Amino acid sequence: MNFTTRHIPFFAPDKIALSGQVFRFRVIDDTHTEVVAFGRYLQIASLGDDRYAFSCQEDEFDRIWHGYFDLSRDYEAICDSIDPDDTYLRDACSFGYGIRILKQDVWETVISYIISQRRSIPSIMTSVDRISRMYGKKIKVPKLGDPFVKPLFDEYYSFPAVDEMSSATLADITSTGVGYRAEYIMCAIDDFRSGKITEDMLESLDNDRLYDVLLSMRGVGCKVANCIMLYGLARCGRFPIDVWMDRIIKAHYSGHFDYTKYPGTCGIMQQFMFYYERNR
DNA sequence: GGCCAGGCCTCGC
DNA sequence: GCGAGGCATGGC
């Protein structure tokens, strides 16, 4: 069996799985997590002392997963940059020690966050899995011996590419339990299939223009657009405000959090706050 | 069985 | 420009 080991400071896969930014990343047990992304299954085993084993070969790790886990970014330095007087954010950061912002597939992020509006995280995960099962390809799970464990499920499916979803009907999409958002998903498929919007275009646009393009999509408002930018396009200077963040800002910042203090990293701060409020 | 969910769209002002 | 109401389904 081939696997890859790395020493990675500031890396807590279990917290990432529970951070609400990703819907196909699950905790298996105290020292194992698994994720499906980019048409692959990856299991992570924690070996202690910041050492981790990944169920993939070295070149795949460097090519796919290094960027996905945002391993080139210095999160310690980001935590150190927090205003010393902001005790809530400092506490949130130490509580969320090891959470990184994943750079997820753009299309998957678009659809996932369109689904996410006004739904609980478990139910978002269910719909994303149903869509994958319906339109994605079956994934070959690598043979897993020590230090890995048995995967949670028997079968895994990739999240479908735009092409794979292009034959979808409104009734199909509705059958995945997404409710009234099915119409938004159909529009998104059309936007991408027609070439009106492409992943390359989104990657190349500056923040302001990217935001406008995303807002032009049906079913995408300011919160979802910011989530797509943060989690799908690594625009870590975006600051999505949902009902949880709204609560936090009211309770701890008297209704106003000045995220411009952290240009380029406030999205990461947001993730710490969100995770802290939901999990402490 | 009832309540709420990582909001957005439409309408009325 | 802004606030209120309505919204399909799933999970607890």
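Below, chain A is the first sequence line, B the second, and so on; all start at residue 1. Predicted model only: the values in this text are computed from it and were never measured.
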| said: Using the C1' atom as the point on both nucleotides, what is the distance between dC3(B) and dC7(C), in whole Å? | reply: 15 Å
| said: Protein within reach of the bases, or only the backbone? For nucleotides 8-13 of chain B, mark each nucleotide 5' to 3' as B, S or -, using heavy atoms under 4.0 Å. | reply: SSS---
| field | Co-membership, hydrophobic cluster, residues Tyr157(A) and Val35(A), 4.5 Å side-chain | value | no
| message | Can you classify the ring geometry of Tyr97(A) versus Phe10(A) as parallel (below 30°), tilted (30 to 60°) or perpendicular (above 60°)? | response | tilted
| Taking the inter-plane angle between the rings of Tyr253(A) and Tyr88(A) on a 0 to 90° scale, is it parallel (under 30°), tilted (30 to 60°) or perpendicular (over 60°)? | perpendicular
| What integer distance in Å separates Leu230(A):CG from dG6(B):C1'? | 12 Å
| request: Nearest-nucleotide wise, let me know which of Gly179(A) and Pro122(A) is further upstream toward the 5' end of DNA chain C. | output: Gly179(A)
| said: Would the base of dG6(B) count as contacting Glu277(A) through its side chain, where contact means a donor and an acceptor less than 3.5 Å apart? | reply: no
| message | Need one value for Gln270(A): base, sugar-phosphate or nothing, where a base atom within 4.0 Å counts as base even if backbone is also close, heavy atoms only. | response | base
| query | What is the minimum heavy-atom distance between Asp246(A) and Ile241(A), and which atoms define it? | reply | N-CG2, 4.0 Å
| Under 30°, 30 to 60°, or over 60°: which ring-plane class applies to Phe69(A) and Phe25(A), parallel, tilted or perpendicular? | perpendicular
| field | Ion pair Lys150(A)/Glu34(A), N-O distance below 4.0 Å | value | no
| Rounded to whole angstroms, how far apart are CD on Gln104(A) and P on dG6(B)? | 16 Å
| message | With rounding to the closest Å, how many angstrom separate the C1' atoms on dG6(C) and dA5(B)? | response | 15 Å
| query | Roughly how many Å is it from CD1 in Ile248(A) to C1' in dG6(B), rounded to a whole number? | reply | 11 Å
| According to a 4.5 Å side-chain heavy-atom criterion applied to Ile, Leu, Val, Met, Phe, Trp and Tyr, with indirect links allowed, do Ile228(A) and Ile189(A) form part of one hydrophobic cluster? | yes
| query | Phe274(A) stacking on dG6(B): centroids under 5.5 Å, ring planes under 30°? | reply | yes
| said: In this structure, how many angstroms lie between the C1' atom of dG6(B) and the CD1 atom of Ile121(A), rounded? | reply: 6 Å
| query | Base, sugar-phosphate, or nothing for Ser175(A), non-hydrogen atoms under 4.0 angstrom? | reply | nothing
| field | dC4(B) versus dA8(C) - spacing of their C1' atoms, nearest Å | value | 14 Å
| request: Write down the distance between CG (Asp246(A)) and C1' (dG7(B)), rounded to a whole number of angstrom. | output: 12 Å
| Base, sugar-phosphate alone, or nothing: which one does Phe23(A) contact when heavy atoms must sit under 4.0 Å apart? | nothing
| message | Any side-chain to backbone donor/acceptor pair from Gln21(A) onto Arg100(A)? Under 3.5 Å, distance only. | response | yes
| message | Please tell me whether Arg181(A) and Ser127(A) have a donor and an acceptor in their side chains that are separated by less than 3.5 angstrom. | response | no
| Given dC4(B), is OP1 or OP2 found less than 4.0 Å from the side-chain N or O atoms of Arg118(A)? | no
| Whether Arg73(A) side chain and Asp70(A) backbone form a donor-acceptor pair below 3.5 Å | no
| Covered region of DNA chain C, 5' end to 3' end, by chain A [heavy atoms, under 4.0 Å] | dC7(C) to dG11(C)
